[in-house]
Protein chains: 2
Amino acid sequence: MKRPATHGVTLADVARMAGVSEITASRVMRDRGPIRAETRDKVLRAVAATGYVRNGLAGSLASARSNLVGVILPSHTNNVFPEVMAGIGQALSRSGYQPVVGVTDYDPATEEALVRSLLAWKPAAMILTGLEHTRETRRMLETASIRVAEIMDIDNRPIDLAIGFSHLEAGRASARHLLARGYRRIGYVGHDLDADLRAAARLKGLVDQLGEAGAPLERRHLTGGASSVQRGRSGLGALLAQHPDCDVVVFSNDDMAVGGVFHAMAEGMDVPGRLGLFGCNGLDIGQALPKPLSTLRANRQRIGEIAVERIVMDDGPETGPAIIDVGFEIVAGATA
Amino acid sequence: MKRPATHGVTLADVARMAGVSEITASRVMRDRGPIRAETRDKVLRAVAATGYVRNGLAGSLASARSNLVGVILPSHTNNVFPEVMAGIGQALSRSGYQPVVGVTDYDPATEEALVRSLLAWKPAAMILTGLEHTRETRRMLETASIRVAEIMDIDNRPIDLAIGFSHLEAGRASARHLLARGYRRIGYVGHDLDADLRAAARLKGLVDQLGEAGAPLERRHLTGGASSVQRGRSGLGALLAQHPDCDVVVFSNDDMAVGGVFHAMAEGMDVPGRLGLFGCNGLDIGQALPKPLSTLRANRQRIGEIAVERIVMDDGPETGPAIIDVGFEIVAGATA
DNA sequence: GGAAGAAATGTCAGCGCTGTCATCTCGGAG
DNA sequence: CTCCGAGATGACAGCGCTGACATTTCTTCC
């Protein structure tokens, strides 16, 4: 197997230069086992002199473990995921792990393909979003014998560990809050819920609770596509055109809700006097509005952090599938 | 070297089951070389039966190439970077590559450590932000003999390929725009510019151009920390408390500017009548405001896409350091 | 001074895959 | 019939590192 001897400085080169065996150099690099200070110095000098960069592929292959962690998120555009990613990224870097990232665009088949190719890197752990996966995805994750965290949702049985909150319950809580405030003619503006199962679960909770309270949710407008400020703005316009009698509108997401607030502002509508607006997800932006958005918030960054802490830093005994409910809170705000 | 024979199905197992040699199975997996349809089927059946998952570590080690791409960004919280990441992620997944991500928090030493550990994975290419790196970072990237894209900035000489726009020029263009609109008592609200060199460059361009026009930028308020809507809101308050005579305020970033808009709204200030507001970066949110934000926009998602297209998909001849200026545009908006 | 154990280092065989260079098969041209 | 070349497939040696298990130094203490 000939290949042009590239600049590739190997551990062997370093060891030779330092006058030690390869394994000793390896131990110095990894801070493993007892090494005489003098020996360590020799090796480190050789490393500096050669500009050696360790080959993680070879190392991980030999030791059958890597410091890579697979992270699969549904979307780049939905603002909640950068936040989750921030939590994950920070916690990982603290512990010397590195994320390999994939995005599914809410498609289970894409997710399956991603899981397959991420598993190829023998990651130390895997973080994915939600609890719904294809049968094959579950199979692969179960046989991989690595820790798996499923984040955001806890309304089902996880493969290993679920971290998040109940979206169904979140929907119900929103409903109770609005009912308590006296709203009865409730409207809903949502994005594409076929894909976003968690937003759909929140809606279901909302619908159920409102139905039980005798104020069924009949005024709805669904826009296609991903959630965005723009769609929230136009969506509220469309909803009100059809159902001008709404006294409050719930949005599938905070960015949608912010759009709603902007629509109301542009129309000079009195919020919450004439119309209440209620979001979901507690994005920063909503809280910086002139009137802070009434919404439902979960600490997403924390979800990412906990996921990492539990599956990569925790060496504790495996205890079977576990669920961590980080809960959520109603942010009263000033718009509903 | 004994290790419990885990569930690890290897290519050898697949090959044995299919009754072919390992290398043939390998070729089937990689779609390489001529394979009889019948043989391919046998192998694929064996793969399905065993649930084989390829080991990318071994494969990449043997072939000295991986489909990993290192991506280093300064921040998770600054909204600009999720957008860039979206562009990168989409373009990469289209071409079967996977990003390994690191975040520097605007610290060159952290960046150096990240480059070192990302290079360990023998990535096919590396994408980093900005043109300022430590000497050692540059050395490593130069010797790695892989393609390197430095994104966002083009105001300096790149290692291999730079994609972005001139922030200095962007600052000057903002100044010219505001001067043309008749503004003279110009204020500035910014975040931590020691870390964010590009925001600092925009400010420098702004200051230079205003100085040349005889309307020096003396009214400034810098908040510490990263840019955010909240800081923009409080920052504008602080600036106006000290310099109530501003007729327009430039923000270091769009999220800061949106905060400024909210402050003005909450105070019932007439925008742009009493006070103009000008952002930078053209985030979606700014355009969804009741009055679209006047700002300066570059297509960040496109920057990510171009970076990927040029360094991982393009096999063309190396042509030495190159610069791609994606430019920017002044978005007139309705706030300045 | 020597035994005993701790400290430091080394030997060796792979990890699971792929590049290189054969080898083998088979149909058609001469 | 033989020869040739394209089409298929295989043997083999590593990629660069690390785990397991020696082996070789010190120390220490009686």
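Only this structure's heavy atoms are used, side chains among them; waters, hydrogens and symmetry mates stay out. Letters A, B, ... mirror the listed sequences (proteins, then strands); counts begin at 1.
- Residue A:Arg32 places none of its side-chain N or O atoms closer than 4.0 Å to OP1 or OP2 of D:dT18.
- Between A:Arg36 and A:Asp41 there is no salt bridge, since none of the side-chain N atoms of the basic residue sits less than 4.0 Å from a carboxylate O of the acidic one.
- Protein atom CZ of B:Arg16 is 12 Å distant from nucleotide atom P of C:dC17, rounded to whole Å.
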Checking salt bridge (Lys or Arg N to Asp or Glu O under 4.0 Å) for the pair A:Glu142/A:Arg139: CA distance, chi angles, key distance, verdict? CA-CA 5 Å; A:Glu142 276 157 6; A:Arg139 211 220 77 236; over 6 Å; no
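- Two residues, B:Ile23 and A:Ala37, neighbour DNA chain C, and the one matched to the more 5' nucleotide by heavy-atom proximity is A:Ala37.
- Protein atom CG of B:Asp41 is 14 Å distant from nucleotide atom P of D:dA8, rounded to whole Å.
- Across the interface with DNA chain D, nearest-nucleotide mapping of B:Ile35 and B:Ala58 shows B:Ile35 to be the residue nearer the 5′ end.
- When the P atom of C:dA7 is taken as reference, atom CD of A:Glu38 falls 18 Å away, rounded to whole Å.
- Here the side chain of A:Thr10 is nearest to one of D:dG16, D:dA11, C:dC17, namely D:dG16.
- Rounded to a whole Å, the CD atom of A:Glu22 is 17 Å from the P atom of C:dG14.
- Between A:Arg30 and the phosphate of D:dG19, there is a side-chain N or O to OP1/OP2 separation shorter than 4.0 Å.
- Between A:Ala120 and B:Val53, the shortest heavy-atom contact is N-CG1, 4.2 Å.
- What separates NZ of B:Lys122 from P of D:dG16 is a distance of 8 Å, to the nearest Å.
- For C:dG10, the base has a donor-acceptor partner in the side chain of A:Arg27 [N/O atoms by modelled type, under 3.5 angstrom].
- Ion pairing of A:Glu112 with A:Arg116 is present here, as a side-chain N (NZ or NE/NH1/NH2) and a carboxylate O approach within less than 4.0 Å.
- Here A:Ser26 reaches the OP1 or OP2 of D:dT18: one of its side-chain N or O atoms lies under 4.0 Å away.
- Nearest nucleotide to the A:Ala62 side chain, out of C:dC17, D:dG16, C:dA7: D:dG16.
- Taking side-chain N and O atoms only, A:Ser21 has a distance below 4.0 Å to OP1 or OP2 of C:dG10.
- A sub-4.0 Å separation between OP1 or OP2 of D:dG10 and a side-chain N or O of B:Thr24 is present.
- Proximity note for B:Leu11 (side chain, C-beta onward) versus C:dC17, D:dG10, C:dG16: the nearest is C:dC17.
- Counting any heavy atom pair closer than 4.0 Å across all strands shown, B:Arg40 reaches no nucleic acid atom.
- Taking the charged nitrogens against the carboxylate oxygens, B:Asp160 and B:Arg310 have no contact shorter than 4.0 Å, which rules out a salt bridge.
- Distance CG (B:Leu57) to C1' (C:dG14): 15 Å, rounded to an integer number of Å.
- If you check D:dA11, C:dG10, D:dC17 against the side chain of A:Tyr52, the one that comes closest is D:dC17.
- Using a 4.0 Å cut-off, some side-chain N or O of B:Arg36 falls inside it from OP1 or OP2 of D:dT9.
- Nearest nucleotide to the B:Thr39 side chain, out of D:dT9, C:dT18, C:dA8: D:dT9.
- The nearest pair of heavy atoms linking B:Asp155 to B:Leu131 is N-CD1, 3.7 Å.
- If you take CG of A:Asp13 and P of D:dG16, they are 9 Å apart, rounded to a whole angstrom.
- Atom-to-atom, CZ of A:Arg54 to C1' of D:dT18 comes out at 10 Å; the value is rounded to the nearest Å.
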